[in-house]
**Student:** 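Please see the structure below; I have some questions.
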Amino acid sequence: MPSRRRTRDPLRPLVYLLRNLGKTGPLMGVIVLAVMLISGIVSLINSIPLSIKTIYSYSRNYLGVTPRGNAEQTPVLKQVLESEAPVPLERVMLVRGSDIEVKSIVGNWPFVVLGLKQDDLAYYMKRMGGGRLEGRIPKPGEPEVLVSEPLARNLGLKMGDALMKPEETTAYSPFEVKIVGIVQTDEWYAVSSIEYYRANHFPPTDAILAFAPDLKQQAQLDSWATDRFEGEQARLFTYQELEEQADTMFSILYQILNVVIGTLVVVITLMMGMLMNIYLSQRVQEFGLLQALGYTKRSILSRVLAETTLVVIGGWVLGMLVAYSLLNLVKSRLMDPQAFALNTLDQAAYLYTIPIPVAICLVAVFTVVGRFHSFDPVGVVERRLV
């Protein structure tokens with residue numbers, strides 16, 4: 001049956017495209033490369049804020065409050081939280097902490113190591129999603145630390161390695177703080193014992209972590225605290241603040257990205273317009289002969305537009321498949337070994353490619369219509385134009 005249909009209708013758009021891949025292939029190839037380039041650029045750019053939000057996503061689980069170095073202010077802030085919070089508090093912790101640095105796509109970023117009490121440490125691990133523990137938890141007062149697997153992978157550390165050292169300026173501790181446990185979880189975190197921090201780290205000031213029963217109430221608590229402690233001697237750490245800072249930080253970058261993508265669309269559209277013009281010029285004799293054989297100008301025009309649509313849509317779909325495959329390769333070979341985040345199904349990246357087929361289709365329509373507007377089949381048959 002398929003062969004009979006092809007015999008009855010040998011001029012179907014798909015039949016011509018398959019029989020003339022030498023002509024239609026380069027057109028589709030340009031579209032594939034354009035879609036791959038744009039979606040790849042956008043995905044890699046989006047991976048920067050995504051990586052930052054992934055690294056600090058632990059902060060969505062609690063509200064952090066510090067008294068800005070005033071140790072006497074800590075019990076006051078704790079009392080306000082416990083008495084005025086708009087949602088029930090599942091747990092309130094007094095903690096200490098210090099900074100290390102983790103690697104990101106755009107350089108090193110500060111990361112906190114928390115000193116917790118033993119019972120708080122068990123709760124904290126559960127709140128961060130649990131996960132299989134390789135090794136053990138740090139002993140009270142000992143220079144030991146427990147880290148999550150993404151953090152260990154990012155820093156290239158394994159069990160027994162030192163996370164903090166006396167000679168490290170960006171990860172200082174007066175003793176070597178060695179990794180005694182690694183938790184298999186997606187969250188990034190590092191915890192030690194508060195006894196070790198109180199004995200060895202300055203300043204002697206406790207911070208507060210407040211946990212609501214679930215993430216929805218946690219967001220309500222964060223919003224309330226932002227307003228309640230405004231203007232007071234308190235520094236807040238919330239996931240909402242992190243998201244706002246990340247969006248603000250990269251707003252200029254996305255404006256530049258829009259200019260780059262717009263320029264690419266214009267350049268590729270003009271290139272496709274020229275290729276389409278050359279492509280149609282090579283087929284003038286064919287169109288003239290078809291019309292001389294009885295095909296109407298309208299039917300030939302419809303056929304050419306259908307062929308163009310198939311080339312553009314096919315190139316766009318194929319380009320997205322190629323881009324997805326390459327992004328998965330980049331993720332597995334480059335991003336995952338460093339625990340960097342990359343969304344290979346980034347919706348925004350693929351939406352950025354839509355102007356490509358739309359613009360090319362519009363240029364193709366105007367090019368084809370313009371060609372056929374002054375088309376003279378008699379002149380073609382008489383070989384005046386060939």
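Residue numbers count from 1 along this sequence.
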**Student:** Are the side chains of Lys117 and Val95 in touch, meaning some heavy atoms are under 4.5 Å apart?
**Tutor:**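 Answer no - side chains too far apart.
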
**Student:** Can you measure from OG (Ser148) to CD (Gln184) and round to the nearest 0.5 angstrom?
**Tutor:**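 Taking OG in Ser148 and CD in Gln184, the distance rounds to 9.5 Å.
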
**Student:** Pair Gln79, Val76 - check side chain to side chain contact (heavy atoms under 4.5 Å, CB included), show working.
**Tutor:** CA-CA 5 Å; Gln79 193 277 328; Val76 176; 5.9 Å; no

**Student:** May I ask you to test the Ser193-Leu116 pair for a side-chain heavy-atom distance under 4.5 Å?
**Tutor:**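 They are not in side-chain contact.
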
**Student:** May I ask you to check whether over 12 heavy atoms, not counting those of Lys103, lie within 6.0 Å of atom NZ?
**Tutor:** yes

**Student:** Please test Asp222 against Tyr62 for side-chain hydrogen bond (donor to acceptor under 3.5 Å, both in side chains), starting from the C-alpha separation and ending with a verdict.
**Tutor:** CA-CA 8 Å; Asp222 293 349; Tyr62 60 77; over 6 Å; no

**Student:** Counting only heavy atoms not in Gln347, do more than 12 sit closer than 6.0 Å to its CD atom?
**Tutor:**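 No, the 6.0 Å shell around CD holds no more than 12 heavy atoms from other groups.
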
**Student:** Starting at CG of Asp99, measure out to CE of Met164 and round the result to the nearest 0.5 Å.
**Tutor:**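 Taking CG in Asp99 and CE in Met164, the distance rounds to 10.0 Å.
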
**Student:** Which atom pair, heavy atoms only, marks the closest approach of Ala212 to Gln218?
**Tutor:** N-OE1, 2.8 Å

**Student:** If Ile, Leu, Val, Met, Phe, Trp and Tyr residues are connected whenever their side-chain heavy atoms lie under 4.5 Å apart, and connections chain through other members, are Leu209 and Val92 in the same group?
**Tutor:**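 Cluster IDs for Leu209 and Val92 differ.
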
**Student:** Cut-off 3.5 Å, side chains only: do Ser57 and Glu187 have a donor facing an acceptor?
**Tutor:** yes

**Student:** Are Trp224 and Glu84 side-chain neighbours, meaning at least one heavy-atom pair lies under 4.5 Å?
**Tutor:**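 Answer yes - side chains close enough.
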
**Student:** Is it true that a side-chain atom of Thr74 and a backbone atom of Asp206 form a donor plus acceptor pair closer than 3.5 Å?
**Tutor:** yes

**Student:** Given the rule that I, L, V, M, F, W and Y join up when any side-chain heavy atoms are under 4.5 Å apart, are Leu264 and Leu351 in one cluster?
**Tutor:**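 Yes; Leu351 is reachable from Leu264 via cluster members.
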
**Student:** Would you mind checking if Asp336 and Arg153 are paired as a salt bridge, meaning a charged N to carboxylate O distance below 4.0 Å?
**Tutor:**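 Asp336 and Arg153: not salt-bridged.
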
**Student:** Starting from Val65, can I reach Val191 by hopping between I/L/V/M/F/W/Y residues whose side chains sit under 4.5 Å apart?
**Tutor:** no

**Student:** With the side chain counted from C-beta on, respond yes when Gln245 and Ile52 share a heavy-atom pair under 4.5 Å apart, and no when they do not.
**Tutor:**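 Heavy-atom side-chain distance check fails, nothing below 4.5 Å.
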
**Student:** Should the pair Arg127-Glu90 be classified as a salt bridge under the 4.0 Å nitrogen-to-oxygen rule?
**Tutor:** yes

**Student:** Are side-chain N/O atoms of Trp316 and Thr353 paired as donor and acceptor at under 3.5 Å?
**Tutor:** yes

**Student:** Between Asn108 and Val102, does the side chain to side chain contact (heavy atoms under 4.5 Å, CB included) criterion hold? Intermediate values first, please.
**Tutor:** CA-CA 5 Å; Asn108 293 344; Val102 295; over 6 Å; no

**Student:** Let me confirm one number: the CG-CZ distance from Leu151 to Phe111, rounded to the nearest 0.5 Å.
**Tutor:**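 CZ of Phe111 is found 5.5 Å from CG of Leu151.
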
**Student:** More than 12 non-hydrogen atoms from neighbouring residues, nucleotides or ligands closer than 6.0 Å to CZ on Arg136, yes or no?
**Tutor:**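 Count over threshold, so yes.
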
**Student:** CG of Asp120 to CD1 of Ile194: how many Å apart, nearest 0.5 Å?
**Tutor:**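 Reported to 0.5 Å precision, the distance equals 8.0 Å.
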
**Student:** Decide whether a cation-pi geometry holds between Arg91 and Tyr123; the criteria are a distance under 6.0 Å from NZ or CZ to the six-membered ring centre and an angle within 45° of the ring axis.
**Tutor:**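 Yes, Arg91 lies over the aromatic ring of Tyr123.
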
**Student:** Looking just at side-chain N and O atoms, do Tyr352 and Asn258 make a donor-acceptor pair shorter than 3.5 Å?
**Tutor:**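 On atom types as modelled, these side chains qualify, holding a pair under 3.5 Å.
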
**Student:** Does Asn154 reach the main-chain N or O of Gln338 with its side chain, forming a donor-acceptor pair under 3.5 Å?
**Tutor:**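 Side chain of Asn154 to backbone of Gln338, a donor-acceptor pair under 3.5 Å: yes, one is there.
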
**Student:** Between Met28 and Val312, does the side chain to side chain contact (heavy atoms under 4.5 Å, CB included) criterion hold? Intermediate values first, please.
**Tutor:** CA-CA 7 Å; Met28 187 176 291; Val312 172; over 6 Å; no

**Student:** Measure across Met36 and Ser39 and return the closest heavy-atom pair with its distance rounded to 0.1 Å.
**Tutor:** O-OG, 3.4 Å

**Student:** In Å and rounded to the nearest 0.5 Å, what is the CG to CD1 distance from Leu318 to Ile31?
**Tutor:** 10.0 Å

**Student:** Without swapping roles, check the side chain of Asp346 against the backbone of Asn343 for a donor-acceptor pair under 3.5 Å.
**Tutor:** no

**Student:** With the side chain counted from C-beta on, respond yes when Leu215 and Asn61 share a heavy-atom pair under 4.5 Å apart, and no when they do not.
**Tutor:**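 They are in side-chain contact.
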
**Student:** Just so I know, are the side chains of Tyr254 and Pro49 near enough to count as touching, which here means a heavy-atom distance under 4.5 Å?
**Tutor:**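 A side-chain contact exists here, since the closest heavy-atom pair is under 4.5 Å.
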
**Student:** Can a donor-acceptor pair be found, under 3.5 Å and without considering hydrogens, that links the side chain of Glu144 to the backbone of Val180?
**Tutor:**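 Not at all, since once roles are kept as given, no pair shorter than 3.5 Å links the two residues.
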
**Student:** Specify the closest pair of heavy atoms between Ala71 and Pro75, including all atoms of both residues, with the distance to one decimal.
**Tutor:** O-CD, 3.6 Å

**Student:** Answer whether the closest heavy-atom distance between the side chains of Val183 and Met125 falls below 4.5 Å.
**Tutor:** yes

**Student:** Do the side chains of Phe237 and Val87 join up, straight or via other hydrophobic residues, at under 4.5 Å, putting them in one cluster?
**Tutor:** no

**Student:** Given 3.5 Å as the limit, does a donor-acceptor pair link the side chain of Gln118 with the main chain of Pro138, or not?
**Tutor:** yes

**Student:** Does either side chain, that of Gln240 or that of Ser223, offer a donor lying less than 3.5 Å from an acceptor on the other one?
**Tutor:**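 Indeed, the side chains of Gln240 and Ser223 share at least one donor-acceptor pair under 3.5 Å.
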
**Student:** Does the cation-pi check pass for Arg96 over Tyr197, that is, NZ or CZ under 6.0 Å from the six-membered ring centre and within 45° of its axis?
**Tutor:**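 Arg96 over Tyr197 ring: no.
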
**Student:** To check you understand the geometry: which heavy-atom pair defines the closest contact between Pro86 and Leu221, and what is its length?
**Tutor:** CD-CD1, 4.2 Å

**Student:** Please lay out, stage by stage, how Phe340 and Lys331 fare under the test side chain to side chain contact (heavy atoms under 4.5 Å, CB included).
**Tutor:** CA-CA 8 Å; Phe340 297 155; Lys331 185 176 188 298; over 6 Å; no

**Student:** Flag yes if Val317 and Leu327 sit in one hydrophobic cluster, no otherwise; membership is Ile, Leu, Val, Met, Phe, Trp, Tyr, and two members link when side-chain heavy atoms are under 4.5 Å apart.
**Tutor:** yes

**Student:** With distance as the sole test, does Ser59 use its side chain to make a donor-acceptor pair with the main-chain N or O of Tyr56 at under 3.5 Å?
**Tutor:** yes

**Student:** Compare every heavy atom of Thr54 with every heavy atom of Trp188, then report the nearest pair and how far apart it is.
**Tutor:**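 Minimum heavy-atom separation between Trp188 and Thr54: CD1-O, 3.7 Å.
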
**Student:** With a 3.5 Å cut-off and no angle check, do the side chains of Asp119 and Tyr124 form a donor-acceptor pair?
**Tutor:** no

**Student:** Is atom CG of Asp186 surrounded by more than 12 heavy atoms (other residues, nucleotides or ligands) closer than 6.0 Å?
**Tutor:**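 Counting other residues, nucleotides and ligands, CG of Asp186 stays at 12 neighbours or fewer.
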
**Student:** Whether the Tyr196 and Ser173 side chains hold a donor-acceptor pair (N or O, under 3.5 Å, no angle test) is what I'd like checked.
**Tutor:**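 Yes - a donor-acceptor pair under 3.5 Å links their side chains.
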
**Student:** Would you please indicate yes or no on a ring centroid separation below 6.0 angstrom for Tyr58 and Tyr189?
**Tutor:** no

**Student:** Which heavy atom of Val145 sits nearest to which heavy atom of Ala190, and what is that distance?
**Tutor:** CG2-CB, 4.2 Å

**Student:** Check whether Ser51 reaches the backbone of Ala341 with its side chain - one donor and one acceptor, N or O, closer than 3.5 Å.
**Tutor:** yes

**Student:** Is atom CD of Glu72 surrounded by more than 12 heavy atoms (other residues, nucleotides or ligands) closer than 6.0 Å?
**Tutor:**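 Counting neighbours around CD of Glu72, 12 or fewer heavy atoms of other residues, nucleotides or ligands fall under 6.0 Å, so no.
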
**Student:** Drop me the distance from Thr226's OG1 to Leu63's CG, to the nearest 0.5 angstrom.
**Tutor:** 7.5 Å

**Student:** Just wondering, do Val80 and Phe229 contact through their side chains at under 4.5 Å, heavy atoms?
**Tutor:**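 Heavy-atom side-chain distance check passes, below 4.5 Å.
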
